[in-house]
Enquirer: 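One structure is given below, represented as structure tokens, and several questions about it will come after.
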Amino acid sequence: MELGSIFLVLAVLVIAGMYLYAPFMIRARKLSTNEMHEISALKAERDRVINALQELDFDFKLGKIPEEDYPEQRAELLKKGSEILRKLDELEPILSSAKDAEDRIEKAAAAQRADSSSGVANINDEDIEAMIAARRKQHKSKSAGFCPSCGKPVLTTDNFCPSCGKSLK
């Protein structure tokens with residue numbers, strides 16, 4: 001066997017060994033339970049801030065919030081949201097094109113606003129009338145008084161008391 005072929009075989013063995021050993025060298029960062037709870041709490045807080053921003057914008061459009069207070073309150077919510085996103089990025093780094101946290105909060109609020117407005121737009125007047133009629137019918141069936149035997153509330157549609165079973169008719 002020639003010396004060149006021995007080096008070639010050794011080189012192939014070294015490369016194959018490095019390829020097989022590579023997954024053991026990369027240690028995936030596993031999150032502890034406390035970190036997962038903190039991430040969950042931060043995500044809940046992020047959603048709360050987004051909802052607060054949405055409500056603030058809505059109230060401003062309705063004229064409930066004075067013009068001089070609106071920018072200050074909005075800036076405060078954006079600052080709080082950006083702090084939450086920075087903490088989230090520290091705990092679970094993401095590869096995002098939008099680096100600015102305030103831009104991400106604005107985008108999330110706009111997306112949620114678009115989702116809520118699209119749900120309202122799909123309901124027409126006939127659907128609303130049908131829901132009102134169903135609600136009135138449901139409301140009428142609720143008020144029937146109390147069972148003469150046990151005193152628990154009963155519906156007008158009940159033939160027997162749901163609590164004690166006494167006949168109501």
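Counting begins at 1 with the first residue of the sequence. Quick caveat: nothing in here was measured; it's all calculated off a predicted structure.
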Enquirer: Roughly how far apart are Asp89 CG and Lys87 NZ, rounded to 0.5 Å?
Expert: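 It is 12.5 Å, given to the nearest 0.5 Å.
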
Enquirer: Would a 4.5 Å heavy-atom cut-off, applied to side chains only, mark Arg46 and Val49 as touching?
Expert: no

Enquirer: Any chance you could measure Asp59, atom CG, to Gln54, atom CD, to the nearest 0.5 Å?
Expert: 11.0 Å

Enquirer: Please report the shortest heavy-atom distance between Leu155 and Asp158, naming the atom on each side.
Expert: N-OD2, 3.0 Å

Enquirer: Is it true that a side-chain atom of Ser40 and a backbone atom of Met36 form a donor plus acceptor pair closer than 3.5 Å?
Expert: no

Enquirer: Taking side chain to side chain donor-acceptor pair (under 3.5 Å) as the cut-off, I'd like each qualifying pair that reaches into residues 65-75, sequence neighbours left out, listed once.
Expert: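 For residues 65-75, and leaving out neighbouring residues, the side chain to side chain donor-acceptor pair (under 3.5 Å) pairs sorted by first residue read Asp57-Tyr70, Asp57-Arg74, Arg74-Glu106.
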
Enquirer: Which atom names give the shortest non-hydrogen contact between Pro153 and Pro162, and what distance separates them?
Expert: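 Taking every non-hydrogen atom into account, O-CG, 4.5 Å.
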
Enquirer: Is the shortest side-chain N to carboxylate O distance from Glu45 to Arg48 below 4.0 Å?
Expert: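 Between Arg48 and Glu45 there is a salt bridge, with a charged N closer than 4.0 Å to a carboxylate O.
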
Enquirer: Working to the nearest 0.5 angstrom, can you tell me the gap between Ile132 CD1 and Asp125 CG?
Expert: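 The CD1 atom of Ile132 sits 9.5 Å away from the CG atom of Asp125.
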
Enquirer: Less than 4.5 Å apart, any side-chain heavy atom of Lys166 and any of Cys150?
Expert: no

Enquirer: Which value, rounded to the nearest 0.5 Å, describes the distance between Leu77 atom CG and Ile50 atom CD1?
Expert: 11.0 Å

Enquirer: Determine the minimum heavy-atom distance between Leu56 and Ile65, stating which atoms define it.
Expert: CD1-CD1, 3.1 Å

Enquirer: State the CD1-CG distance between Ile39 and Leu91, to the nearest 0.5 angstrom.
Expert: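 CG of Leu91 is found 5.0 Å from CD1 of Ile39.
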
Enquirer: Using a 4.5 Å cut-off on heavy atoms from C-beta on, say whether the side chain of Cys164 contacts that of Cys147.
Expert: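 Of all side-chain heavy-atom pairs linking Cys164 with Cys147, at least one is under 4.5 Å.
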
